[in-house]
Amino acid sequence: MWAKTVTGNFAKVIHGLNANQLTDQVIQRSKRMILDTLGVGLLGTSTEVFHKVAQYSKIYSSDLSSTIWGHLDFRLPPLYAAFVNGVAVHSMDFDDTWHPATHPSGAVLPALIALSEAFPQKKKISGLDLLLAFNVGIEVQGRLLHFSREARNIPRRFHPPAVVGTMGSAAACAKLLALDQLEHALAIAASYAGAPLANAATQIKPLHVGNAAKNGLEAACLALQGLQGNKQILDMESGMGAFYTDYNPQTLPTLQSYPWLLDQQDVAIKRFPAHLATHWVADAASSVRRKLVERSESLLPIDKIEKVILKVPEVKYVNRPSPASEHEARHSFQFVACSALLDGSMSVQSFASENIHRPALRELLCKTQLEHPPDNTPSFDSLYCQVSITLRDGSTISDGCTTFYGHWRKPLEKEDLEKKFQSNTLDILPTEAMEGIIETVYNLEKVEDCSVLSTFLSGQSARALSEKLRFL
């Protein structure tokens with residue numbers, strides 16, 4: 001019998017989805033997302049915000065424990081492993097971004113990996129189980145975002161992963177638990193959802209993703225215990241509709257030839273750790289620098305620059321004329337433009353304190369202005385950037401970017417995705433563990449027991465490698 005409510009429909013369809021319905025393209029795209037998320041999460045374990053939340057989480061203990069990525073002898077209860085690893089994923093704003101706007105993977109993958117380690121030894125979670133649950137979590141986020149036209153633009157009031165990410169995490173964990181009553185998991189998750197955008201560009205923003213992972217897992221576990229909520233949470237204006245002024249929920253497609261959103265819309269994978277909108281700015285500014293250096297036949301002639309104009313969409317929380325911290329710099333059109341003009345490209349090191357506060361950058365920031373053309377809408381699918389430099393002699397040098405390398409219209413090549421992962425994990429894991437993760441993820445649909453992934457994530461290598469080879 002077909003469900004009478006949108007929430008009931010979600011529960012019925014998600015319960016009926018199986019791994020055979022995953023298309024080749026969905027599997028390949030989700031494996032890229034998983035590899036990238038693990039890489040940025042491992043790199044994120046070196047950040048100050050990670051160390052603070054990890055230290056805090058040590059006060060919790062239980063008979064069950066899950067791996068803290070990048071740490072051989074540090075485990076936490078599954079809820080707090082999901083939280084700490086989720087914070088690590090978003091600690092540098094280096095994780096993937098989707099359209100409509102959210103960071104889909106960081107809210108789901110840490111919860112699933114932590115949960116998979118909590119299952120009894122006799123109940124192995126396969127790579128296909130993980131892939132299916134992961135894609136359920138991604139799918140739920142995408143469907144909820146499509147219930148609102150407002151959600152298609154860069155957010156203004158709340159951070160989407162804290163809302164749809166929490167719901168996606170709950171759905172993914174419920175799928176892995178084979179939970180019948182998904183309606184209750186979603187209802188519980190909705191009461192955990194939300195985080196104001198005012199905390200963007202601070203150490204708190206990574207907690208939004210960590211909390212989404214943890215709270216979604218907790219919602220599924222509470223539903224498993226029989227805790228009940230409103231079974232129409234997706235249908236009501238006072239339910240998920242509370243987050244959107246134009247909320248219009250729809251039922252999911254039928255199970256027959258199910259059309260996954262990830263098949264239709266790929267994610268953007270970042271080349272440097274900053275807000276996605278700054279990636280257009282970086283490519284445009286790098287192009288302008290090349291023209292300027294060719295013309296002057298020397299290093300960037302800052303003393304000859306009169307002003308720098310950036311034509312970008314109006315996104316208030318990425319308009320930061322004088323960022324004082326790495327988190328503010330990651331959310332600054334101006335900082336990324338000036339850094340790319342000075343250095344020719346952006347990297348992890350661009351956001352080191354000595355680079356943020358160098359005199360040449362500060363001088364260039366003082367000459368930088370933003371303009372917001374009416375046609376430049378704040379959507380990751382349509383925005384563009386133009387960078388123009390006016391020199392003291394009155395001449396102007398300009399260039400623009402409509403699609404940066406790494407955007408879903410121009411995805412990273414496999415070789416560059418692997419280079420990003422290897423660079424991110426080089427100082428965190430032994431080489432064998434790093435290579436083991438790459439091989440495991442690329443063969444995930446063949447892995448009989450995905451706990452081997454956690455073994456590699458902890459930094460174990462030689463013993464785990466021999467175990468893994470038996471699984472493939």
Is a donor from one side chain sitting under 3.5 angstrom from an acceptor on the other, for [X] and [Y]?
X	Y	result
T166	N215	no
D93	H327	no
R152	S379	no

Ring centroid separation [X] to [Y] under 6.0 Å:
X	Y	value
F333	H275	no
H71	F50	yes
F158	Y244	yes
H103	H159	yes
F272	H279	yes

* Asked: If we only count heavy atoms from C-beta on, is the L234 to M240 side-chain gap below 4.5 Å?
  -> yes
* Is any side-chain heavy atom of I125 less than 4.5 Å from a side-chain heavy atom of D449? -> no
Value rounded to 0.5 Å, distance of [atom1] in [X] from [atom2] in [Y]:
X	Y	atom1	atom2	value
C173	K214	SG	NZ	12.0 Å
N199	I204	CG	CD1	5.5 Å
T431	Q422	OG1	CD	9.5 Å
L261	I138	CG	CD1	10.5 Å
I233	M167	CD1	CE	6.5 Å
Y258	T23	OH	OG1	12.0 Å

Under 3.5 Å: donor-acceptor pair, side chain of [X], backbone of [Y]:
X	Y	result
S66	E117	no
S126	E448	no
S65	S61	no
R157	F243	yes
S30	V26	yes
S91	A88	yes

* To do: Using the side-chain contact (heavy atoms from CB on, under 4.5 Å) rule, pick out the option among E139, K175, M33 that qualifies with F134.
  =>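 When E139, K175, M33 are each tested with F134, the side-chain contact (heavy atoms from CB on, under 4.5 Å) holds only for M33.
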* To do: Apply the side-chain contact (heavy atoms from CB on, under 4.5 Å) test between F335 and each candidate in I356, N355, V318; give the one that qualifies.
  => I356
Using a strict threshold of under 4.0 Å (side-chain N to carboxylate O), is an ion pair present between [Y] and [X]?
X	Y	value
D96	K270	no
R156	E150	no
K420	E415	no
R289	D343	no

* Parallel under 30°, tilted from 30 to 60°, perpendicular over 60°: which one fits the rings of F147 and F10? ->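 F147 vs F10 ring planes: perpendicular.
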* To do: Could you walk me through whether V336 and M346 pass side-chain contact (heavy atoms from CB on, under 4.5 Å), step by step?
  => CA-CA 8 Å; V336 169; M346 299 295 296; 4.2 Å; yes
* Structure fact -> Only one of D263, D266, D24, D36 passes salt bridge (Lys or Arg N to Asp or Glu O under 4.0 Å) with R29, and that residue is D266
* Asked: Given the rule in the side-chain contact (heavy atoms from CB on, under 4.5 Å) test, do K58 and Y80 qualify, once you have shown the distances and angles that lead to the verdict?
  -> CA-CA 9 Å; K58 287 179 180 178; Y80 285 89; over 6 Å; no
* List the steps and the verdict of side-chain contact (heavy atoms from CB on, under 4.5 Å) for Y442 and L35. => CA-CA 8 Å; Y442 281 161; L35 184 66; 3.8 Å; yes
* Residue pair I14, V140: steps toward the side-chain contact (heavy atoms from CB on, under 4.5 Å) verdict -> CA-CA 9 Å; I14 288 168; V140 166; 3.4 Å; yes
* What's the shortest heavy-atom distance between S105 and T37, and which atoms? ->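 The answer is CB-OG1, 3.1 Å.
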